[in-house]
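Letters A, B, ... are given to chains in the order of the sequence lines, protein chains preceding strands, and every chain is numbered from 1. All values below were derived from every heavy atom in this structure, side-chain atoms included, with hydrogens, water molecules and symmetry-related copies excluded.
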Amino acid sequence: MLDLGKYIIFSLLSIFLSISSFSETRKFNIGKIATKQEVAGWDIDIRPDGLGAPKGSGDALSGEEVYAERCASCHGDFGEGIDRWPELVGGSGTLSSHDPVKTTGSYWPYASTIYDYVYRSMPFGEAQSLTYDETYKIVAYLLNMNDIIDEDFILSNKNIGKIKMPNRNGFLLPDPRPDVKNLNGNPCMKNCNTPTKIIGKARDIDVTPEDEKS
Amino acid sequence: MAKEKKDIISRRSVIKAGVGLGALGLSSKSLLAKEANNKNLPPNVPEWTETLGDGVDVNPYGMPSEFESNVIRRNVEWLTASTESSVNFTPLQDLEGIVTPNGLCFERHHGGTAIINPIDYRLMINGLVDREMIFTLDDLKRFPQVNKFYFLECAANGGMEWKGSQLNGCQYTFGMVHNVQYTGVKLFDLIQETGLKNNAKWVLAEGSDSSGMTRSIPIEKIKDDCIIAWAMNGEALRPEQGYPIRLVVPGWEGNMWVKWLRRIEFGDKPYMTREETSKYTDLLSDGKARMFTWVMDAKSVITSPCPEKPVLQKGIHQIRGLAWSGRGKIKRVDVSLDGGKNWKTAQLHSPVLEKSLTRFTIPFEWNGEEMLLQSRAIDETNYVQPTIKELQNIRGVNSIYHNNSIATWLISKNGKVDNVRLG
């Protein structure tokens, strides 16, 4: 709710919702009222519909430079990921394979999440140091690298809620668990039919850290 | 834990080439019983009896015995690119009862540990409330308080074991869980100050660390049992556990228990943060992924014997273990010595609390033969902890998260214990 628009929407909402449970009474009288500036400084989240997106814009062409400077040292020039740092680009068509590659392009359902996350958390170790425009530029660059928008598409607070992500419909709700057979608290206790042949040992895979202290 | 498998494999080959020795704690050295010093044994009188010991205040804040120096959190270095975005594991194999000592509670950070002077701490509540407000730590402590034991388990606990047994240790395969008593206020009590709009359906919890951790939580859960906590096991939260304030979301995946909590926003829709889209979604074999899989299903582990705790003598031993469920209390735990063919019900030790670790024990006799140890938890909803095969049949092997299957420890004829997969 950084910009006034979001604030006004909420104010209107609360006026129209006459059922709203506005109460003047505070039970304990603890705490202080937050000012608008205080809230604006911390309320940095953005929802899929674009609610909360701060005013600003940028395209992939200008994003390439900012990305190269602030992101590429870990995530690679093309988002391919250096060493064990996360890859951000590619992986399309791999989600049902043996080796799924989950990136902003192949997996993330909303463009808003990229903006929200990059602004709040990246570059790693320099959180919340990008400007709004820089963030739009970088997100546009990532979307373009993932073939989601053209390089001259101007991404902004007006359209970030309308970008169609490839894996938008890749998520299932609600949680179907418990999803295993319902044994109603009475599992087999005697002579159960279960395989007891050893088909793998962690020792043979040999990736367990050595313990110098033991 | 949520690393792409590709990374893990490539790193694995490096490790293989470079190290190539036996697994954790299982070097032949550690299997030898350490020799006692005869001078300290009867009929002799040991030195610690004949001399004075340290006075009070030698350790103003007491530490464990020097002989317990191997009881520590450990990480798996090759799992992550940096220790600031990483995880370590609770040494469950060395713990008794149900309380996890504060210094042994596993750590999971996405941007390192934030160091916050409590004077500078503020909690902001905004969004669909009547009054957007700010509370200091002292403010929060003026609300009616609650004291509750809860387990916290990372959704990726056991995430490395989906395809097969990978890590040879109780600590590495089950150690992303801990259990402490929290002191705090019910989050919903703060609403009595801020008021709440009727269309508020979701909460965004936000951390003030360098990752700005955020998760969406449905308002029903907030009304039910979420706590804003400042103490664990009787003392202030440890910095790595969110000092001065963390959110407690009982029975639900650890990632939602936002540490260094700075803001609670009420909204009418979920926020779809990175941690509930890119991460903490469970990929099925058809390429679709489950979302908002919050509850931690019932699970149990034998903490001794286990790969770190070999069986050193023939005869009677006590199997010790822990069981827990995000849906309520543990009702029963069964133990098998033959890989799941036959089961016996273990003894549960009080207290048996809801959404808390529960201790179980059962005696067994080892005569030098191979044994396949398993434990199986049943919770008060009558849910039975499944086998890995059952989970794989439904979810495939790429879920990473929510592996609550039964594990198998093989006791070999030499008393060593191994993490094995049956099939």
Are A/Pro187 and B/Ile378 side-chain neighbours, meaning at least one heavy-atom pair lies under 4.5 Å?
-> yes
Chain A contact via B/Thr273 - which portion, at a heavy-atom distance below 4.5 Å | backbone
Check B/Lys341 against A/Thr194 and note the closest heavy-atom contact, atom names and distance.
-> NZ-O, 3.2 Å
Bottom line for B/Leu204: the part with an atom under 4.5 Å from chain A's heavy atoms is side chain
Do B/Asp189 and A/Lys27 have side-chain heavy atoms sitting under 4.5 Å apart?
-> no
Shortest non-hydrogen separation from A/Ala127 to B/Ser210 and the atoms involved = CB-O, 3.2 Å
Value rounded to 0.5 Å, distance of CE in B/Met160 from CD1 in A/Ile205 = 8.5 Å
Does the side-chain contact (heavy atoms from CB on, under 4.5 Å) test come out yes or no for B/Tyr271 and A/Asp45, once each step is laid out?
-> CA-CA 8 Å; B/Tyr271 293 80; A/Asp45 61 84; 3.4 Å; yes
Is there a donor-acceptor pair closer than 3.5 Å between any side-chain N or O of B/Asn168 and the backbone N or O of A/Thr208?
-> no
Residue part contacting chain A, namely of B/Glu380, when any heavy atom lies under 4.5 Å = neither
With respect to chain A, which residue among B/Glu390, B/Arg327, B/Glu275, B/Lys389 yields the maximal number of heavy-atom pairs within a distance under 4.5 Å?
-> B/Arg327
So which part of B/Leu410 gets closer than 4.5 Å to some heavy atom of chain A, the side chain, the backbone, both or neither?
-> side chain
Between B/Phe292 and A/Leu173 the two heavy atoms that sit nearest each other are CD1-CD2, 3.4 Å
Of all heavy-atom pairs linking B/Ser165 and A/Gly200, the shortest is OG-O, 4.3 Å
Under 4.5 Å to a heavy atom of chain A? For B/Asp334 that would be side chain
Could you give the distance from CD (B/Gln192) to CG (A/Asn29), rounded to the nearest 0.5 Å?
-> 12.5 Å
Kindly indicate whether the side chain of A/Phe124, heavy atoms from C-beta on, has any atom under 4.5 Å from the side chain of B/Ser85.
-> yes
In this structure, CE of A/Met165 is separated from OG1 of B/Thr277 (nearest 0.5 Å) by 9.0 Å
If you count heavy-atom pairs under 4.5 Å between each of B/Phe143, B/Phe135, B/Tyr383 and chain A, which one has the most?
-> B/Phe143
Would you say the side-chain atoms of B/Lys288 pair up with the backbone N or O of A/Asn169, donor to acceptor, closer than 3.5 Å?
-> yes
Count the heavy atoms belonging to other residues, nucleotides or ligands that lie under 6.0 Å from CD of A/Glu69, then report whether that count exceeds 12.
-> no
Check whether any side-chain heavy atom of B/Ile400 sits under 4.5 Å from a side-chain heavy atom of A/Lys102, and report yes or no.
-> yes
Mind listing the closest non-hydrogen atom pair of A/Cys192 and B/Gly340 along with its distance?
-> CB-O, 3.5 Å
Region of B/His402 in contact with chain A, defined by heavy-atom distances below 4.5 Å | side chain
Which bit of A/Ser97 comes within less than 4.5 Å of chain B, counting heavy atoms only: side chain, backbone, both or neither?
-> backbone
Is it true that the side chains of B/Ser278 and A/Trp108 contain a donor and an acceptor less than 3.5 Å apart?
-> yes
Option that, when pairs with chain B are counted at under 4.5 Å, heavy atom only, ranks first among A/Ile33, A/Leu172, A/Thr35 | A/Leu172
Only counting residues at least two apart or in another chain, list the ones meeting ring pair (Phe, Tyr, Trp, His ring centres under 6.0 Å) with A/Tyr117.
-> none
Given the options B/Ile394, B/Val295, B/Asn404, A/Arg177 meets side-chain contact (heavy atoms from CB on, under 4.5 Å) only with B/Val295
Do you know which of B/Ser216, B/Ser211, B/Gly164, B/Ala200 has the most heavy-atom pairs with chain A at a distance under 4.5 angstrom?
-> B/Ser211
Looking at NZ of A/Lys190 and NZ of B/Lys344, how far apart are the two atoms once the value is rounded to the nearest 0.5 Å?
-> 7.5 Å
Supply the atom-to-atom distance B/Ser412 OG to A/Lys201 NZ, rounded to the nearest 0.5 angstrom.
-> 5.0 Å
A/Tyr107 versus B/Thr281, side-chain donor and acceptor atoms under 3.5 Å | yes
Can you tell which part of B/Asp338 gets under 4.5 Å to a heavy atom of chain A, answering side chain, backbone, both or neither?
-> backbone
What part of B/Asn75 is in contact with chain A, defined as an atom under 4.5 angstrom from a non-hydrogen atom: side chain, backbone, both or neither?
-> backbone
Minimum side-chain heavy-atom gap B/Arg274-A/Arg120 below 4.5 Å | no
Salt-bridged, B/Asp130 to A/Arg26, with N to O below 4.0 Å?
-> no
Given the rule in the side-chain contact (heavy atoms from CB on, under 4.5 Å) test, do B/Glu206 and A/Ile44 qualify, once you have shown the distances and angles that lead to the verdict?
-> CA-CA 10 Å; B/Glu206 179 179 77; A/Ile44 56 172; 3.8 Å; yes
Show your reasoning for whether side-chain contact (heavy atoms from CB on, under 4.5 Å) applies to B/Glu193 and A/Phe28.
-> CA-CA 7 Å; B/Glu193 296 302 282; A/Phe28 302 109; 3.6 Å; yes
So do the side chains of B/Arg262 and A/Trp42 get within less than 4.5 Å of each other, counting heavy atoms only?
-> yes
Is chain A contacted by the side chain of B/Arg122, its backbone, both, or neither, given a heavy-atom distance below 4.5 Å?
-> both
Hey, which of B/Asp297, B/Leu372, B/Asp286 has the most heavy atom pairs under 4.5 Å with chain A?
-> B/Asp297
Ignoring hydrogens and geometry, is there a side-chain-to-backbone donor-acceptor pair from A/Thr113 to B/Met272 under 3.5 Å?
-> yes
Choice from A/Asn193, A/Asn186, A/Asn184, A/Asp116 maximising heavy atom contacts with chain B below 4.5 Å = A/Asn184
Okay, B/Pro270 and chain A: the region with an atom under 4.5 Å from a heavy atom over there is backbone
Segment of B/Lys269 engaging chain A (4.5 angstrom heavy-atom cut-off) | both
State, with a plain yes or no, whether a side-chain heavy atom of A/Val180 is found less than 4.5 Å away from one of B/Leu391.
-> yes
If you count heavy-atom pairs under 4.5 Å between each of B/Arg332, B/Met213, B/Lys331 and chain A, which one has the most?
-> B/Arg332
Before giving the answer on side-chain contact (heavy atoms from CB on, under 4.5 Å), spell out for A/Arg84 and B/Thr80 the whole-Å C-alpha distance, their side-chain angles and the decisive distance to 0.1 Å.
-> CA-CA 7 Å; A/Arg84 277 169 294 157; B/Thr80 51; 5.6 Å; no
What's the shortest heavy-atom distance between B/Leu283 and A/Leu95, and which atoms?
-> CD2-O, 3.6 Å
Spacing of A/Lys32 atom NZ and B/Glu132 atom CD [to the nearest 0.5 Å] | 11.5 Å
Under a 4.5 Å cut-off applied to non-hydrogen side-chain atoms, are B/Trp343 and A/Cys188 in contact?
-> no
